[in-house]
Undergrad: 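Here it is, the structure in full.
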Amino acid sequence: MGRRAADHLRGALTLSPADEGSGHRVLLLNPNSTRASTDLMGAFAQEALGPDWTVRLKTNDDAPPIITDVAGAERAAASLLKLFRDGLDPCEGVILSAFLDPGLEDLRALLDVPVVGIAEAAMRAAGRYGRFAILSTTPDLNEHLRALAVVYGEGDRLVDILRIKGDPYKVMGDPDLLMATLREMLEEATRTLEVDAVVVGGGPLAKAARALGSEASLPIVEPVPAAALALKALIEADGA
């Protein structure tokens, strides 16, 4: 699925409106500057939405490659607003695909289409199972994630945020190390916490989240598909 879907999405970026047919178009917006992550997240969003939807992609070049602190999130949020003020087409809706949801409320205020953040969608999906934990690769942002859970009405269901040990850049740059680290964190959550679901906290972790889901004994919430489906529901409800 990964390479073929990503190749399809790269091609979709160059389609004219006539080529896209009558299906819905949404924008997956990557707040960080890593284009490979944009392609990966777009592939998972496309898979969740199905062939009648077109996922267009945008990478935020004026941002860190990984958002690991508040300064990076604030920089990303400001540059995302500028993209739309400079004419970026939001299509029928936007998936904000970084787990801190940087600039979410400002984007909602600016745009006339629905905007769904992957952290919001994932926490609400996990909350429907009951109590949940988050596996976080950005430990410096954990307190901000807790605050977001409260804003999203999931503060009482969020049991814990498990943090990686070591340099996030090193862990996320090594797929084998990343999977080993996430498996260890998942095992800790399953063994020590009374939770009904686990969120893998990050859009660029989409492939790892899918792999964990096939191994885990409890539900694993994948943020990008959760956001894609939430956005789909909003668009379809608006058109009903």
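All values below come from the heavy atoms of this structure, side chains included, with hydrogens, waters and symmetry mates left out. From a predicted model like this one, the values you see are computed outputs, not experimental measurements.
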Undergrad: So which heavy atom on R25 is nearest to which on C91, and how close?
TA: O-CB, 3.2 Å
Undergrad: Looking at every non-hydrogen atom in both residues, tell me the closest pair between K207 and F44 and how far apart they are.
TA: CA-CZ, 3.8 Å
Undergrad: Could I get the full list of salt bridge (charged side-chain N to carboxylate O under 4.0 Å, His left out) partners for D86, not counting sequence neighbours?
TA: K82
Undergrad: Ignoring hydrogens, what is the shortest heavy-atom contact between P90 and L27? Give both atom names and the distance.
TA: O-CB, 3.9 Å
Undergrad: For residues L141 and T68, determine if any side-chain heavy atom of one lies less than 4.5 Å from a side-chain heavy atom of the other.
TA: no
Undergrad: Is there a side-chain contact between S97 and V224 (heavy atoms, below 4.5 Å)?
TA: yes
Undergrad: For the residue pair P225 and E47, establish whether any side-chain heavy-atom pair is separated by less than 4.5 Å.
TA: no
Undergrad: If you round to the nearest 0.5 Å, how far is CG of L229 from CG of L234?
TA: 11.0 Å
Undergrad: Would you give the length of the straight line joining atom CG of L80 to atom CZ of R85, rounded to the nearest 0.5 angstrom?
TA: 11.0 Å
Undergrad: In Å and rounded to the nearest 0.5 Å, what is the CD1 to CE distance from I118 to M41?
TA: 6.5 Å
Undergrad: Only one of V115, L28, L29, N30 passes side-chain contact (heavy atoms from CB on, under 4.5 Å) with I95; say which it is.
TA: L28
Undergrad: To the nearest 0.5 Å, what is the distance between CZ on R146 and CG on L158?
TA: 5.5 Å
Undergrad: Would you say E194 has more than 12 foreign heavy atoms packed within less than 6.0 Å of its CD?
TA: no
Undergrad: Rounded to the nearest 0.5 Å, what separates atom OG1 in T138 from atom NE2 in H144?
TA: 10.0 Å
Undergrad: Would you call E120 and R124 a salt bridge, using N to O less than 4.0 angstrom?
TA: yes
Undergrad: Could you work out, with salt bridge (charged side-chain N to carboxylate O under 4.0 Å, His left out) as the rule, every residue matching D69, not counting sequence neighbours?
TA: none
Undergrad: Can you see which heavy atom on V116 is nearest to which on A121, and at what distance?
TA: CG1-CB, 3.9 Å
Undergrad: Counting N and O atoms only, with roles assigned by atom type, does the side chain of S33 sit under 3.5 Å from a partner on the main chain of D62, one being a donor and the other an acceptor?
TA: no
Undergrad: Looking only at heavy atoms, which two atoms of G127 and E154 are closest? And how far apart?
TA: CA-OE1, 3.5 Å
Undergrad: Between CD of Q46 and CZ of R56, what distance do you get to the nearest 0.5 Å?
TA: 11.5 Å
Undergrad: Give the cluster check for F132 versus V150: same hydrophobic cluster or not, with ILVMFWY residues linked at side-chain heavy-atom distances below 4.5 Å.
TA: no
Undergrad: Taking transitive links into account, so neighbours of neighbours count too, which hydrophobic residues share a cluster with L177 at under 4.5 Å side-chain distance?
TA: I66, L135, V159, L162, I164, Y169, V171, M172, L178, M179, L182, M185, L186, L193, V195, V198, V200, L205, L212, L218, I220
Undergrad: Which heavy-atom pair separates L96 from P31 by the least distance, and what is that distance?
TA: CD1-CG, 3.6 Å
Undergrad: Should D238 and P114 count as side-chain neighbours, where that means a heavy-atom distance under 4.5 Å?
TA: no
Undergrad: Might you confirm whether atom CD of E187 has over 12 heavy atoms from other residues, nucleotides or ligands at distances under 6.0 Å?
TA: yes
